[in-house]
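Here's the structure, in structure tokens; my notes come after.
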Amino acid sequence: MSSTTPLNPQEPSHRSSVGRRTVLGAAATAAVLSATTGRAAAAPAHSSASASSRAAKPRRDLPGGGDLGPNVIVFDPSTPGIQARLDEIFRAQESAQFGTGRYALLFKPGTYNGLNAQLGFYTSIAGLGLSPDDTTINGDVTVDAGWFNGNATQNFWRSAENLALVPVNGTNRWAVSQAAPFRRMHVRGSLNLAPDGYGWASGGYIADSRIDGQVGPYSQQQWYTRDSSVGGWVNAVWNMVFSGVEGAPAQSFPNPPYTTLDTTPVSREKPFLYLDGSAYRVFLPEKRTGARGVSWGSGTPRGTSLPLEQFYVARPGDSAATLNQALAQGLHLLLTPGIYHVDQPIRVERAGTVVLGLGYATLIPDGGATALTVADVSGVRLAGFLIDAGPVNSATLIEVGPQGASADHSADPITVQDVFIRVGGAGAGKATCGMVVNARHTIVDHTWIWRADHGEGVGWETNRCDYGLVVNGDDVLATGLFVEHFNKYDVQWYGQRGRTVFFQNEKAYDAPNQAAIQNGSIKGYAAYKVADSVTEHEGWGLGSYCYYNVDPSIVQHHGFAAPVTPGVRFHGLLVVSLGGNGQYEHVINDTGAPTSGTSTVPSTVVSYP
């Protein structure tokens with residue numbers, strides 16, 4: 001999701017682009033009218049003996065704990081110059097869409113007055129209490145789109161978590177698009193999801209949050225809200241999905257396009273860092289079945305916690321071998337902000353292991369490696385990091401469970417939360433597949449898997465990646481699934497009893513011609529393909545858009561493909577042609593009307609079959 005104008009990776013683009021941004025503007029208009037800084041942890045000791053002597057000695061264990069490094073900025077209410085520090089980081093990150101800066105802004109429990117924390121790229125803000133209400137900002141946490149002339153469709157890679165906000169004017173602005181989660185937040189007021197001037201936006205995701213006032217998405221094309229409480233919701237453009245949300249609008253897809261589930265089938269909130277007195281710990285929320293409302297309603301969430309001493313506090317420059325040594329010792333991983341090059345997979349092989357990133361810590365696999373793999377074990381939690389494809393093709397960038405995984409993890413699932421994947425954009429990158437899920441009962445809770453359509457290293461073959469997500473495991477649940485621009489299938493689902501609550505997709509803009517996407521006798525690859533062998537599958541609130549700007553004459557036969565059998569069911573499907581740049585003939589299989597001309601009006605199917 002983006003404008004069509006490529007950007008210099010270090011500078012904002014202020015050139016106008018025609019086509020998609022104009023189309024989105026029309027749709028949006030119609031919708032509106034209806035500190036302290038850490039220091040280095042102790043490095044592992046190295047002997048000064050000869051190489052042969054070192055080889056004879058056992059490797060010294062890596063230390064757990066330590067402080068969080070220079071890019072984790074910790075504030076307390078008495079810290080001087082908080083606003084100036086926030087502004088300094090925002091100036092550096094506001095338009096650094098493909099830059100290397102990474103920051104986590106952490107606020108100790110207490111009350112902060114008169115702040116406006118504007119968040120740019122790769123910036124996370126979070127409170128350090130057990131409950132959002134432990135850390136109150138009388139002020140705002142703001143995302144707007146002034147850097148891009150009021151267009152918020154590129155406001156990616158930033159997050160807010162575990163804070164209470166009392167907005168200055170009663171409404172907090174959070175104008176984001178993909179990969180920008182709003183988790184465990186309490187807004188004592190209203191929330192505006194559109195940029196100033198109601199420019200275009202393509203979000204987004206809220207979970208485990210309470211908004212006392214109303215949420216106004218305005219120009220947002222789509223949004224998913226999970227296990228939360230809202231005081232009201234004012235409108236919709238194409239696809240608004242709710243599961244387990246108190247105060248959500250009633251089911252009414254497609255007019256207005258609300259898809260509403262009373263509860264979320266299974267959920268387990270993201271791990272988070274907090275302070276117990278002066279000691280850091282990581283809280284691990286418990287699994288909920290049939291969840292509704294926030295997990296912290298009584299003030300204290302349910303779950304367990306781990307001391308920071310049980311984590312290897314990783315720093316940019318640590319090798320994959322070092323990270324794997326820490327895991328082999330029985331430590332968890334806390335990835336502090338920065339970029340990590342790995343020449344072999346980070347191997348998560350122990351049940352219950354936590355890999356938690358801060359400030360969009362980024363893994364780049366070198367030499368065609370897979371960045372991270374998970375064994376067929378229960379209770380692993382992966383959260384809060386970005387994987388950037390390297391210039392040598394990787395078969396896959398993250399593999400959850402080995403091929404053939406079959407263990408039952410229903411009691412203690414693997415969770416993948418705010419783990420984002422990018423192929424190209426920041427530079428040359430290639431992969432065959434972004435994410436493969438082989439382990440049963442895995443929960444993928446909010447991911448954006450993106451083959452870049454702008455930036456550096458972008459082209460039909462330059463940043464080739466045929467598949468975004470492949471699900472082989474049975475009983476996998478996806479809540480908040482964003483997958484875009486892959487050369488073939490964006491999602492391929494082979495496992496039985498899979499479920500998806502909310503899906504957002506754009507087909508690859510840059511297909512050179514019809515022949516390049518021809519799928520045998522079928523025109524184009526579906527955005528979401530359920531294998532013919534599947535007998536049970538269900539999805540709610542799924543949308544696919546096309547914007548074939550290289551060859552607008554390209555035709556997609558459908559956005560969704562699935563076997564025709566009673567156990568495979570979909571609710572609330574739509575396809576959209578953005579300004580007539582490409583067309584869909586159907587929504588799913590041979591069902592659903594074609595998209596019409598240049599009108600950018602969705603074609604919908606309420607239920608299938």
Side-chain angles (χ1 to χ4, degrees), residues 319-321 323-324 327 339-349 355 362-377 380 382 385-406 414 416 419-440 442 444 447-453 457-474 476 478 481-495 498 505 508 510 516-517 519 525-529 531 533:
S319 67
L323 301 178
N324 284 328
L327 291 169
I339 295 175
Y340 299 74
H341 282 268
V342 294
D343 59 359
Q344 59 178 289
I346 299 170
R347 303 182 192 279
V348 180
E349 298 181 341
V355 180
T362 301
L363 306 176
I364 301 179
D366 294 331
T370 295
L372 186 146
T373 62
V374 180
D376 195 9
V377 295
V380 169
L382 310 177
F385 55 90
L386 170 65
I387 298 175
D388 226 343
V392 178
N393 188 79
S394 296
T396 186
L397 295 172
I398 181 170
E399 182 183 68
V400 182
Q403 185 175 359
S406 60
I414 298 168
V416 182
V419 172
F420 306 119
I421 292 172
R422 179 171 65 192
V423 182
K430 284 190 175 184
T432 302
C433 181
M435 181 187 297
V436 175
V437 178
N438 295 315
R440 293 182 62 194
T442 297
V444 179
T447 187
W448 185 36
I449 305 173
W450 185 59
R451 176 182 166 266
D453 60 282
V458 171
W460 183 248
E461 296 294 344
T462 306
N463 63 327
R464 177 112 196 165
C465 190
D466 285 347
Y467 311 104
L469 170 68
V470 174
V471 178
N472 296 314
D474 294 339
V476 171
L481 182 58
F482 299 73
V483 188
E484 295 190 302
H485 304 193
F486 289 86
N487 295 76
K488 292 185 178 179
Y489 292 117
D490 298 276
V491 173
Q492 273 190 300
W493 207 298
Y494 294 98
N505 165 262
D510 54 346
I517 64 161
N519 182 14
Y525 290 82
Y528 189 107
K529 165 69 172 174
S533 57

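Every heavy atom of this structure was used, including side-chain atoms; hydrogens, water molecules and symmetry mates were not.
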Quick one: side chain to side chain contact (heavy atoms under 4.5 Å, CB included) partners of Gln344, sequence neighbours excluded? Ala320, Ala321, Asn324, Arg347
Residues forming a side chain to side chain donor-acceptor pair (under 3.5 Å) with Asp474, sequence neighbours excluded: none
Any donor and acceptor pair, going by atom type alone, linking the side chain of Asn472 with main-chain N or O of Gly495 inside 3.5 Å? no
For Ala516, side chain to side chain contact (heavy atoms under 4.5 Å, CB included) partners two or more places apart: Trp460, Pro512, Asn513
Where is the tightest heavy-atom contact between Cys465 and Gly434, given as atom of each residue plus distance? SG-N, 4.0 Å
Please enumerate all residues that pass ring pair (Phe, Tyr, Trp, His ring centres under 6.0 Å) together with Phe486, with sequence neighbours excluded. none
Can you give me the closest heavy-atom contact between Asn438 and Gly401, atom names plus distance? ND2-O, 2.8 Å
Give me the atom names and distance for the closest heavy-atom approach of Tyr528 to Leu481. CE1-CD2, 4.5 Å
Selection residues 367-377 - residue pairs positive for side chain to side chain donor-acceptor pair (under 3.5 Å), sequence neighbours left out: Asp376-His409
Tightest non-hydrogen contact, residues Ala405 and Ala439, listed as CB-CA, 4.0 Å
Please say which of Val471, Val416, Val470, Leu397 ends up in a side-chain contact (heavy atoms from CB on, under 4.5 Å) with Met435. Val416
With sequence neighbours excluded, residues passing ring pair (Phe, Tyr, Trp, His ring centres under 6.0 Å) with Tyr494: none
Of the non-hydrogen atoms in Val419 and Thr447, which two are nearest, and what is the gap between them? O-OG1, 2.5 Å
Of all residues at least two apart in sequence or in a different chain, which pass the side chain to side chain contact (heavy atoms under 4.5 Å, CB included) check with Ala527? Asp490, Phe503, Asn505, Lys507, Ser544
With a 4.5 Å cut-off on side-chain heavy atoms, are Thr432 and Thr396 touching? no
Is atom CD of Glu461 surrounded by more than 12 heavy atoms (other residues, nucleotides or ligands) closer than 6.0 Å? yes
Can you name the side chain to side chain contact (heavy atoms under 4.5 Å, CB included) partners of Lys488, sequence neighbours left out? Arg464, Asp466, Tyr467, Tyr525
Taking the side chain as every heavy atom from C-beta outward, state whether Leu363 and Ile346 have any atom pair closer than 4.5 Å. yes
Could you tell me whether a side-chain N or O of Arg451 sits under 3.5 Å from a main-chain N or O of Val423, the two making a donor and an acceptor? no
Quick one: side chain to side chain donor-acceptor pair (under 3.5 Å) partners of Thr462, sequence neighbours excluded? none
Salt bridge (charged side-chain N to carboxylate O under 4.0 Å, His left out) partners of residues 388-400, not counting sequence neighbours, each pair once: Asp388-Arg422
Sidechain-backbone polar pair: Ser394 side chain, Ala369 backbone, donor-acceptor under 3.5 Å: yes
Thr442: partners by side chain to side chain donor-acceptor pair (under 3.5 Å), with sequence neighbours left out: none
Sequence neighbours left out, what passes salt bridge (charged side-chain N to carboxylate O under 4.0 Å, His left out) with Lys430? Give chain and number order. none
Using every non-hydrogen atom in the two residues, find where Leu372 and Phe385 come nearest and quote the distance to one decimal. CD1-CZ, 4.1 Å
